[in-house]
Amino acid sequence: LGHTASPKVSRKGRTLLSNLLEHNPITNRPPRNTPVRTLTIKRRIERARAGRRSRLRSFLPCSWCSLGRVRRWVNSVNDTLTKGQKSATELDEINDVLVKTTSFDEPFYMMLIGSDARADDESMGARSDTNIVVRVDPTTNSATLVSIPRDTMINIDGYGYCKFNAAYSYGGAALAIKEASELLGVNISHYAEVDFDSLIGLVDTVGGADVTVDQRINDPDADGSVIGQKKIIIEAGEQHMDGETALVFARSRAYADGDFTRTANQRKLIAALAEKILSMPLAKLPGIVQTAAGSITTDMSVTDLYSL
């Protein structure tokens, strides 16, 4: 008597009840009429997007840190490259005589100065024994070098007639640039300077230079053996030069025409160094620039050099 009979449920009712159970949010089961593959693909896409957003959030701080390190590196190299050992007054005087161009998209003139100031021989003073004016044409990727022989006679205001290399002794790089500009009748926009000690380090930094030597060099004055330094003899022909050998090659005047062959050799050395640097993998250039910054003083920044 106490038994309650189970109600009879039609086929339509069982289907409706089954659908209600399958729509239950607690079970989180897909509706009967929804393809399972479609939902699986959607979930995979959503998870992939979430993963990318997560990776992006973790990548951005690292990128900002990397950019910060790059900026600090560039600023540090620029500080060394553009100041060197010069005082603020010397730098101002140099900037006053340079006629800057608005961009590197048009030809400009640049002066290369090699001074004979050396740490181990202060008695030699500081004269510019290398004076080269370069016309750089970015539109044709070419450069033309013209040397001013150090014994060229010029008239310096306040000093009278002197050899050209005396300008550096009297007024540093600024006066040498000014006199070169007046002598050649061109506006000089940029400059770079290296002394004898720094030239050794610069050549060694790039792994040496390959130069064709026209005639054998055995010059005690150039290698310093006359005052007890190491004897260096350079044979004629193709030579791979380290820093010390390159310095002798650039300094020697033991030729019949004296300074004319020496200036030609200096231009050869510069061309060889430029070729060596341009042939290096791009990844090595930052290290080369950083090391070279300790050997060269110039008004050009790291970004200026890379743009050239």
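What you see below is based on every heavy atom in this structure, not just the backbone, and it leaves out hydrogens, waters and symmetry mates. All residue numbers refer to positions in the sequence shown, counting from 1.
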**Request:** Answer yes if the side chains of Asp304 and Ser301 hold a donor-acceptor pair under 3.5 Å, and no otherwise.
**Result:**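 Judged by distance alone, the side chains do pair up.
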
**Prompt:** Does any donor atom in the side chain of Ser147 or Arg267 lie under 3.5 Å from an acceptor atom in the other side chain?
**Reply:**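 Their side chains do contain a donor-acceptor pair, which is all the 3.5 Å distance test asks for.
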
Using distance only, find each side-chain donor-acceptor pair of residues 170-183 under 3.5 Å and give its atom names and separation, not counting sequence neighbours.
residue : atom : partner : partner atom : Å
Lys178  : NZ   : Glu182  : OE2          : 2.9
Ser181  : OG   : Val186  : O            : 2.5

**Request:** Give a yes or no on this: more than 12 heavy atoms of other residues, nucleotides or ligands lie within 6.0 Å of atom NZ of Lys100.
**Result:**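 Yes, enclosed.
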
**Message:** Taking atom NZ as the centre, does Lys86 end up with more than 12 heavy-atom neighbours from other residues, nucleotides or ligands that are less than 6.0 angstrom away?
**Reply:**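 Correct, the count exceeds 12.
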
**Prompt:** What distance separates Asp219 CG from Ile233 CD1, expressed to the nearest 0.5 Å?
**Reply:**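 One gets 11.0 Å once the value is rounded to the nearest 0.5 Å.
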
Tell me whether [X] contacts the main-chain N or O of [Y] through its side chain, where contact means a donor paired with an acceptor under 3.5 Å.
| X | Y | result |
| --- | --- | --- |
| Asn75 | Arg71 | yes |
| Thr263 | Phe260 | yes |
| Asp223 | Lys231 | no |
| Thr82 | Asn78 | yes |
| Ser198 | Val194 | no |

**Prompt:** Which one of Asp259, Asn131, Thr130 satisfies the side-chain contact (heavy atoms from CB on, under 4.5 Å) criterion with Ile148?
**Reply:**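 The option that passes is Asn131.
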
**Asked** How would you list, by chain and number, every residue that makes a salt bridge (charged side-chain N to carboxylate O under 4.0 Å, His left out) with Glu244, sequence neighbours excluded?
**Response**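 Applying salt bridge (charged side-chain N to carboxylate O under 4.0 Å, His left out) to Glu244 gives Lys230.
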
**Request:** Could you pull out the closest heavy-atom pair between Lys83 and Leu91, with the gap in Å?
**Result:**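 That would be CG-CD1, 3.9 Å.
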
**Message:** Go through it in stages, so that I can follow the logic: the residues are Phe104 and Phe108, the test is ring-ring contact (aromatic ring centres under 6.0 Å, His included), and I'd like the CA-CA distance, side-chain angles, deciding distance and then a yes or no.
**Reply:** CA-CA 8 Å; Phe104 290 108; Phe108 63 89; 5.6 Å; yes

